[in-house]
Participant: 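Below you'll find the structure I mean.
The figures that follow rest on heavy atoms only: side chains count, while hydrogens, waters and symmetry mates do not. Predicted model, so just to flag it, every value in this text is computed and none were measured.
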Amino acid sequence: MTAYNSGNDDLDNAVIALIARAARKKRPVTLDLQLQTDLGFDSLAITALVFQFEELLRVDLSEIDLGQIGQLRTVKDALLASRKIIELTRGAG
Amino acid sequence: MTSGYIIDCHCHIASLEHVPKSFIDGVIGNVVASFLAQGIPASHSKISKMYEKKMDDPFCDDLVAEMADAGIVKSILLAADFTYALKDCRFTIEESFLRHWDVLTKHPGKFDVFGGVDPRWGHDGVALFERALVEFGFSGFKVYPPCGFSPSDPALFPFYELCAAHRLPVLVHIGPTSPALSFETCNPFLIDVAARNFPSVNFILAHAAVSFREECVMMAAYRPNVFLDVSGYQTSIRNGVECAVGGLVSRGVDHKILFGTDWPVFRTQSTQRMFVEALTNQGGGLSGRDETVTARILHGNVERLLALRRQGLSMSASAA
């Protein structure tokens with residue numbers, strides 16, 4: 001199992017790879033791309049991404065505030081959110 | 001962001017009090033099946049938890065904040081009546097109407113409500129709907145045919161007669177929905193008998209950018225009192241909104257198309273502001289259109305429908 005730290009390049013690369021795999025519109029993933037319009041993430045795809053994040057980060061996101069998920073606009077936002085999740089889980093652990 | 005203001009003609013209160021558990025379980029079952037087929041680790045209970053979290057705005061405070069951010073000045077709340085077809089709803093339809101009235105009172109000017117009553121409730125249902133119009137200030141009727149009746153069922157005619165008398169529109173759900181309900185009665189052509197029999201009542205076919213698009217356009221093009229709403233267009237974001245909404249707009253029925261989001265269904269996907277931008281920014285179904293066309297769709301068409309009631313009220317007042 002990989003031990004990710006916030007700000008860890010491995011984490012960033014793993015999250016970007018996950019987004020690239022889950023994107024409905026296939027294209028090279030860069031930080032500025034919009035999840036919804038550029039990569040085609042609809043509500044099902046976003047929900048699927050949450051489950052894949054859980055598996056990747058080995059965390060339980062079932063208590064996550066969905067309002068915050070809806071606020072994720074870009075790949076960079078998703079990256080920052082995943083770092084924050086890692087920080088929170090480390091803090092809780 | 002678009003110039004001008006926006007009216008969202010298709011929203012619901014985000015609360016599980018108004019939706020039967022069996023309805024939600026059916027929706028979640030489809031999601032789980034899809035995820036498992038893709039090898040995505042998902043369970044019914046986890047998705048159910050996520051669903052509960054997006055349904056946590058019983059007095060529409062979050063919705064009002066999102067509307068302000070998106071330039072939406074008013075939203076129409078639709079109170080669908082599932083309570084005759086499915087027996088596991090927390091609220092009765094009367095309790096649901098009362099909560100919608102609470103929301104109207106709490107946020108004056110922000111909402112209109114279209115109340116729905118299953119026609120099989122008979123005289124009691126008609127009386128409740130009339131009370132909602134007169135006492136609660138509701139502004140239209142909501143029909144949910146997947147509950148097991150055609151929108152042209154004669155049992156609905158007393159409701160349509162009330163709408164004619166009060167000059168109110170009727171919004172009809174179109175297309176398949178939770179597998180807990182029937183899909184037999186979700187075809188837009190089923191509205192034709194009612195639309196012919198009640199020419200003074202305006203019927204809005206919901207989700208026309210998603211389900212039976214071609215049939216919806218035909219109905220709007222040839223039946224003067226049939227309109228379309230685009231709510232649910234967010235599902236087309238994966239293939240391009242231009243195709244779904246732009247495809248409707250290009251068919252010469254832009255004077256019949258109403259903007260709608262179906263809040264809170266797509267709340268996990270994005271914000272109301274981003275949904276508006278997905279339509280109006282480059283590549284969206286409304287980008288590059290004549291400004292008068294965009295204004296009609298974003299607010300003008302629904303305003304015309306809602307104004308009929310105000311005109312009727314002012315005529316009654318001057319006659320008295």
Participant: Give, as side chain, backbone, both or neither, the part of A:Glu55 having an atom under 4.5 angstrom from any heavy atom of chain B.
Facilitator: side chain

Participant: Calculate, to the nearest 0.5 Å, the distance between atoms CD and CD belonging to A:Gln36 and B:Gln234 respectively.
Facilitator: 8.0 Å

Participant: Can you check side-chain contact (heavy atoms from CB on, under 4.5 Å) on B:Phe35 and A:Gln52, steps first, answer last?
Facilitator: CA-CA 11 Å; B:Phe35 283 1; A:Gln52 288 165 314; over 6 Å; no

Participant: Checking B:Thr235 against A:Asp42 for the side-chain contact (heavy atoms from CB on, under 4.5 Å) test, could you report, in this order, the C-alpha distance in whole Å, the side-chain angles of both residues, the deciding distance, and whether it holds?
Facilitator: CA-CA 6 Å; B:Thr235 59; A:Asp42 58 16; 5.5 Å; no

Participant: Step through the shown structure and confirm whether more than 12 heavy atoms of other residues, nucleotides or ligands are within 6.0 Å of NZ on B:Lys106.
Facilitator: yes

Participant: Give, for atom CZ of A:Phe51 and atom CD of B:Gln38, the distance between the pair rounded to the nearest 0.5 Å.
Facilitator: 12.0 Å

Participant: To the nearest 0.5 Å, what is the distance between OG1 (A:Thr47) and CD1 (B:Ile40)?
Facilitator: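 One finds 9.5 Å between OG1 of A:Thr47 and CD1 of B:Ile40.
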
Participant: Compare every heavy atom of A:Ser43 with every heavy atom of B:Gln269, then report the nearest pair and how far apart it is.
Facilitator: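 Smallest heavy-atom distance, with atoms named: OE1-N, 2.8 Å.
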
Participant: If I measure from the heavy atoms of chain B, does A:Phe41 come under 4.5 Å with its side chain, its backbone, both, or neither?
Facilitator: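 Answer is backbone: N, CA, C or O of A:Phe41 sit under 4.5 Å from chain B.
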
Participant: Search all heavy atoms of A:Arg73 against all heavy atoms of B:Met274 and return the closest pair with its distance.
Facilitator: CG-SD, 3.1 Å

Participant: Look up atom CD1 in A:Ile46 and atom CZ in B:Arg267, then write down how far apart they are to the nearest 0.5 Å.
Facilitator: 14.5 Å

Participant: Taking the side chain as C-beta and beyond, is there a heavy-atom pair between B:Val31 and A:Leu44 under 4.5 Å?
Facilitator: yes

Participant: What residue in B:Ser45, B:Ala42, B:Gly284 has the most heavy-atom pairs under 4.5 Å with chain A?
Facilitator: B:Ala42

